Amino acid sequence: MGKKIKALEIDVAKRKEKLTAYHAYAPDEMFHHKGQDLFSVLDFWRYAYGQLEGLSDTLAEFFVAKALGIEKAENVNYWTAYDMAYRNKRIEVKATSYVHPWNTSVSKVRTFSIEPTNNSYWGNSAEGVNGGKKLSRQSEVYVFCLNSNMDIHNNDPLNVDDWIFYVVPTFEINIYCKENPNQKKISLNVVRRLAKNGVAFHELRNAVDAAIGKSDNYYEEL
């Protein structure tokens with residue numbers, strides 16, 4: 001199993017290099033027409049992303065990336081089997097919130113997606129040796145992100161203190177789902193039970209490191 005883990009880490013590193021080779025635009029770069037500057041990339045960002053309250057999934061990924069020191073994530077330009085790599089391990093980020101800009105009341109039922117996908121993404125690599133069509137959760141670690149604010153009239157998307165992060169090694173999710181391996185969703189209560197403790201933003205990196213260590217130990221013992 002150790003050799004398979006190393007082979008997968010090498011593949012993840014290669015894909016990270018390829019998928020993060022995109023040009024990150026600067027806010028003062030300009031859209032142009034007939035040789036004339038029209039408006040800036042910052043203008044576009046304000047137009048597309050100015051309403052942060054409705055971008056909880058993107059914010060959660062951004063927070064996790066920042067906590068882990070990741071400047072570019074693999075899932076920006078392409079569909080990928082995971083969101084970002086850290087220490088050559090695959091990280092999947094899922095988010096949920098009680099308050100949304102389209103709601104008139106607090107959403108009380110909180111779930112996260114854990115739906116397996118087919119591993120054809122990996123081709124003939126360590127993850128694709130079984131024909132490339134096997135359904136699996138293609139990460140080593142899940143980070144479940146909860147915006148805990150329940151005040152619909154006082155929702156500040158810039159307040160990172162509102163977020164609680166639950167870090168769970170993927171193998172523990174698979175064990176939980178052993179009776180239904182293709183389970184698509186998991187409740188917040190189950191996530192809390194699996195993670196044991198939620199952590200704040202400043203504790204997130206240590207929690208991910210611990211989950212990676214736990215995952216490595218589990219697979220080394222198989």
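Note that the structure is a prediction, hence the values are computed from the model and not measured.
- Between S97 and S107, the shortest heavy-atom distance links the atoms O-CB, 4.4 Å.
- The aromatic rings of W163 and F165 sit parallel, their planes meeting at an angle under 30°, below the 60° perpendicular limit.
- Using cut-offs of 30° and 60° for the angle between ring planes, the F39 and F31 rings count as tilted.
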For this session: Kindly determine whether R87 and I212 satisfy side chain to side chain contact (heavy atoms under 4.5 Å, CB included), including the steps that lead there.
Result: CA-CA 9 Å; R87 291 174 48 189; I212 288 174; 3.7 Å; yes

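- Using a 4.5 Å cut-off on side-chain heavy atoms (C-beta onward), T96 and L188 make no contact.
- A donor-acceptor distance shorter than 3.5 angstrom exists from the side chain of Q138 to the backbone of N118, with no hydrogens or angles considered.
- Residue-environment remark: CD (E29) exceeds the threshold of 12 foreign heavy atoms within 6.0 Å.
- In this structure, E9 pairs ionically with K89, as a charged nitrogen and a carboxylate oxygen lie closer than 4.0 Å.
- The side-chain tip of K72 points at the ring of Y22 from less than 6.0 angstrom away and within 45° of straight on.
- With R90 contributing its side chain and A81 its backbone, the two residues share no donor-acceptor pair below 3.5 Å.
- Side-chain atoms of N103 do not come within 3.5 Å of backbone N or O of V99 as any donor-acceptor pair.
- Residues R193 and Y176 have side chains in contact (heavy-atom distance under 4.5 Å, counting atoms from C-beta outward).
- Checked by atom type and distance alone, the side chain of T80 never pairs as donor or acceptor with a backbone atom of D83 at under 3.5 Å.
- Heavy-atom contacts from other residues, nucleotides or ligands closer than 6.0 Å to NE2 of H153 number 12 or fewer.
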